[in-house]
**Q** 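After the structure tokens below, expect a handful of questions from me.
All ligand and atom numbering here is 1-based and tracks the order in the structure.
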Amino acid sequence: MSFHDKVVYQIYPKSFRDTTGDGVGDLRGIIDKADYIASLGVDMVWLNPFFPSPGNDNGYDVADYCAIDPAMGTMEDFDEMVAVLAERGVGVMLDMVLNHTSTEHEWFQRALAGDPVYRDYYILRPARADGSPPTNWVSKFGGSAWAPFGDTGLHYLHLFDTTQADLNWRNPAVRAEAARVVNFWRARGVRGFRFDVINLIGKEEVLRDAPAGTDDRAMYTDGPAVHDYLRELAAASFGQDPESVTVGEMSSTTVEACVGYSNPANAELSMVFSFHHLKVDYADGAKWTRMPYDLAALKRIIDQWAAGMQAGGGWNALFWNNHDQPRALNRFADPGHYRAESATMLATAIHLLRGTPYVYMGEEIGMTDPDYLTIEDYVDVEARNAYDELRAGGAGQAEALAIVRAKARDNARTPMQWDASPGAGFTEGTPWLRPTNQKTINVAREEREGVILPYYRRLIALRKQHAVISRGSYAPHAPEHPEVLGYIRELDGTRLLVLCNFRGRATSVEVPGSFEGAGVLIGNYPDRLGAQAPAQGQASAHHGQSIELRPYEALALLA
Ligand code: TEU
């Protein structure tokens with residue numbers, strides 16, 4: 001089975017299942033839940049980093065790429081987890097954070113101690129004559145992107161936290177280390193790799209200021225060398241496994257660049273994550289703001305990426321949620337009044353597109369952002385920095401907190417809610433991050449009486465039953481419609497019309513004549529399906545050229 005037919009389940013190990021009672025998730029917790037994972041019908045699990053780390057960025061500050069953080073378990077636990085998942089037909093995808101290391105990594109410590117070999121592993125530049133940083137670049141977590149490198153008079157680059165030092169990929173030794181790390185995990189049976197902010201590794205030798213008033217990200221993002229480095233890494237590692245699945249997280253990127261990263265002719269990656277569709281609630285492109293999301297922009301971006309990647313032979317990872325994003329249910333729909341309809345509509349919109357769907361733990365049961373009421377509830381470095389910057393910029397306490405509540409990455413990192421108990425079935429101890437609504441939203445309840453979890457299972461199964469979903473072409477439908485995201489998939493004469501009402505009010509949308517009398521493949525209002533064929537039946541509300549969609553209704557017609 002190619003990656004085109006697969007569905008990936010993302011697990012944030014720290015919040016998935018704790019088997020030791022320390023309030024932090026661990027690898028044995030994934031073993032514990034292997035049957036549940038397999039019951040979803042997914043083909044691979046993407047695990048966020050569980051390597052030794054000081055934890056300043058929840059594991060994305062890696063101190064040893066080829067070991068297991070003791071709080072997460074042992075290498076034997078890892079090997080058992082790989083085997084237990086493989087027995088259930090589920091592969092493992094690991095998170096390779098190779099743009100930067102923790103400043104506690106041995107390489108950085110040796111560089112600090114004066115070892116010239118390891119100094120060339122990092123991006124060190126002299127401060128300016130007036131002592132200011134080498135360039136005007138800013139960290140994605142706030143402040144300058146440079147920090148003093150000991151008392152050497154040099155600065156080191158950190159596009160993220162000061163404890164995450166960017167690696168110098170121009171150095172062949174660094175590139176060889178990257179291949180060595182990937183091959184270490186390949187040797188343990190890993191055939192999936194997610195590469196963290198991998199389009200940032202192409203910094204040039206001469207680093208220049210961003211011209212005044214411009215976005216400094218342009219100075220280091222999607223550098224042409226990224227393609228060369230990816231091809232070199234693929235050839236030296238995962239490219240040797242025909243069944244490998246690789247995905248690059250692409251920060252602030254373009255369709256053109258991503259066609260290059262994922263067109264199979266280029267022998268780089270299988271697919272890419274891009275994030276433009278998750279910035280339609282950013283006022284003036286700034287994350288730490290609040291505004292109702294722009295549905296027209298969302299539709300435009302989804303179409304642009306679906307059509308653009310198709311035209312260029314690229315391949316999208318399809319997702320609403322991950323460990324860095326507030327829950328989509330809160331951002332794009334109405335969990336208060338239409339939680340099941342919203343969750344299943346959003347899932348339909350993504351899962352029937354051209355690309356590989358990713359399900360982030362908890363979205364399959366309709367998990368939402370936690371109801372936190374003070375800034376002390378938020379622990380993520382990015383959110384705490386943002387709150388401080390907002391307050392320093394004059395925002396009142398209530399407004400700053402409201403923005404953090406809407407945008408913090410903590411929103412996605414609360415424990416998986418297995419049951420209604422105080423620890424949500426996640427832990428018998430005190431969870432590292434507090435769940436707030438496990439009494440009403442949990443796996444046990446969804447298994448007993450829910451509609452969201454069964455719907456996700458059906459959606460995931462459809463991708464394996466209908467080649468038009470995994471291999472079909474994409475074309476927009478009703479692109480100007482103010483409330484409905486529509487698109488048509490087609491393969492060898494089979495056609496699928498997908499209609500998703502993104503609003504909490506009824507609307508109608510045109511149905512092309514060629515879909516007259518088409519059967520309903522899936523829909524989130526059960527009465528849509530003919531009584532005699534729960535999986536497929538005559539759409540009961542066809543009226544010639546248009547169809548009425550109820551609040552947050554999703555419908556897929558197969559002709
Ligand atoms: O994220 C890249 C990144 O830019 C994120 O910080 C995200 O885009 C941002 O939070 C949205 O405002 C990757 C990892 O997914 C993230 O968890 C890490 O913090 C980051 O890289 C550094 O490794």
Side-chain angles (χ1 to χ4, degrees), residues 8 10-15 46-51 53-63 65 93-105 108 137-143 145 157-167 178 193-201 215-217 220-222 226 247-253 272-290 317 319-328 331 358 360-361 378-387 389-390 403-413 433:
V8 183
Q10 181 190 353
I11 291 175
Y12 197 68
K14 188 171 182 178
S15 300
W46 157 27
L47 306 181
N48 293 96
F50 48 72
F51 316 113
S53 162
N56 298 308
D57 185 18
N58 275 308
Y60 280 90
D61 44 332
V62 178
Y65 290 104
M93 174 183 279
L94 295 190
D95 210 324
M96 297 283 101
V97 188
L98 297 169
N99 174 69
H100 47 269
T101 74
S102 164
T103 48
E104 293 184 26
H105 194 289
F108 190 84
W137 302 357
V138 292
S139 159
K140 294 171 186 287
F141 290 171
L157 179 67
H158 64 86
L159 292 179
F160 293 92
D161 189 58
T162 53
T163 63
Q164 295 168 289
D166 281 58
L167 283 166
F193 296 97
R194 181 255 191 193
F195 292 97
D196 188 60
V197 291
I198 200 67
N199 66 321
L200 304 184
I201 63 175
D215 188 332
D216 67 305
R217 290 175 293 184
Y220 54 78
T221 302
D222 286 334
V226 175
V247 56
E249 182 201 32
M250 303 298 174
S251 182
S252 308
T253 189
V272 296
F273 283 118
S274 64
F275 295 84
H276 298 278
H277 65 301
L278 296 179
K279 298 186 176 181
V280 295
D281 55 358
Y282 286 14
D284 300 323
K287 171 173 179 176
W288 297 99
T289 55
R290 269 197 315 162
F319 69 111
W320 290 119
N321 295 288
N322 69 22
H323 61 292
D324 291 330
Q325 301 292 332
R327 294 275 179 179
R331 291 173 88 174
Y358 285 64
Y360 179 63
M361 70 173 209
Y378 296 89
V379 299
D380 180 33
V381 59
E382 187 192 26
R384 295 304 287 263
N385 288 356
Y387 179 82
E389 285 193 17
L390 285 164
I403 292 171
V404 167
R405 275 172 57 92
K407 296 292 179 63
R409 300 191 299 181
D410 305 71
N411 284 317
R413 301 175 178 183
L433 205 54

**Q** Contact between Lys407 and ligand 1, counting heavy atoms under 4.0 Å?
**A**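 Lys407 does not count as a contact of ligand 1 under the 4.0 Å cut-off.
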**Q** Please determine whether any non-hydrogen atom of Phe141 lies less than 4.0 Å from an atom of ligand 1.
**A**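 Under 4.0 Å: yes for Phe141.
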**Q** Under a 3.5 Å cutoff, is there a donor and acceptor pairing between the side chains of Tyr60 and Asp95?
**A**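 On atom types as modelled, these side chains qualify, holding a pair under 3.5 Å.
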**Q** Less than 4.0 Å from atom 6 (O) of ligand 1, is there any heavy atom belonging to the protein?
**A**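 Under the 4.0 Å cut-off, atom 6 (O) of ligand 1 does have protein heavy-atom neighbours.
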**Q** Is any side-chain heavy atom of Phe275 closer than 4.5 Å to one of Gln325?
**A**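 Yes, their side chains come closer than 4.5 Å.
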**Q** Suppose we screen for ring pair (Phe, Tyr, Trp, His ring centres under 6.0 Å). Which residues come up paired with Tyr12, at least two apart in sequence or across chains?
**A**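 Residues passing ring pair (Phe, Tyr, Trp, His ring centres under 6.0 Å) with Tyr12: His323.
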**Q** Considering only NZ, NE, NH1 and NH2 on the basic side and carboxylate oxygens on the acidic side, decide whether Asp380 and Lys407 come within less than 4.0 Å.
**A**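 Here Asp380 does not pair with Lys407 in a salt bridge, since their nearest N and O are not under 4.0 Å apart.
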**Q** Given Asp57, Asp324, Leu98, which has its nearest heavy atom closest to atom 18 (C) of ligand 1?
**A**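 Selected option, by shortest heavy-atom distance: Asp57.
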**Q** Answer with yes or no whether Lys279 contacts ligand 1, where contact means a heavy atom under 4.0 Å from a ligand atom.
**A**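 Per 4.0 Å heavy-atom rule, Lys279 does not contact ligand 1.
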**Q** Starting from atom 13 (C) of ligand 1, what is the nearest protein heavy atom, named by residue and atom, and what distance separates them?
**A**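 Looking only at protein heavy atoms, the one closest to atom 13 (C) of ligand 1 is Asp196 OD1, 2.8 Å.
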**Q** Run the contact test for His100 against ligand 1 with a 4.0 Å cut-off on heavy atoms, strictly below, and give the result.
**A**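 The answer is yes: ligand 1 sits under 4.0 Å from a heavy atom of His100.
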**Q** Only heavy atoms of Arg409, strictly under 4.0 Å: list the atoms of ligand 1 that pass.
**A**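 Near Arg409, meaning under 4.0 Å from one of its heavy atoms, ligand 1 has 6 (O), 10 (O), 16 (C), 17 (O), 18 (C), 19 (O).
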**Q** Not counting sequence neighbours, which residues clear side chain to side chain donor-acceptor pair (under 3.5 Å) with Ser15? List them please.
**A**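 Once residues adjacent in sequence are excluded, the partners of Ser15 under the side chain to side chain donor-acceptor pair (under 3.5 Å) criterion are Trp432.
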**Q** If we only consider heavy atoms of Arg413, is any one of them less than 4.0 Å away from an atom in ligand 1?
**A**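 The answer is yes, since Arg413 has a heavy atom less than 4.0 Å from ligand 1.
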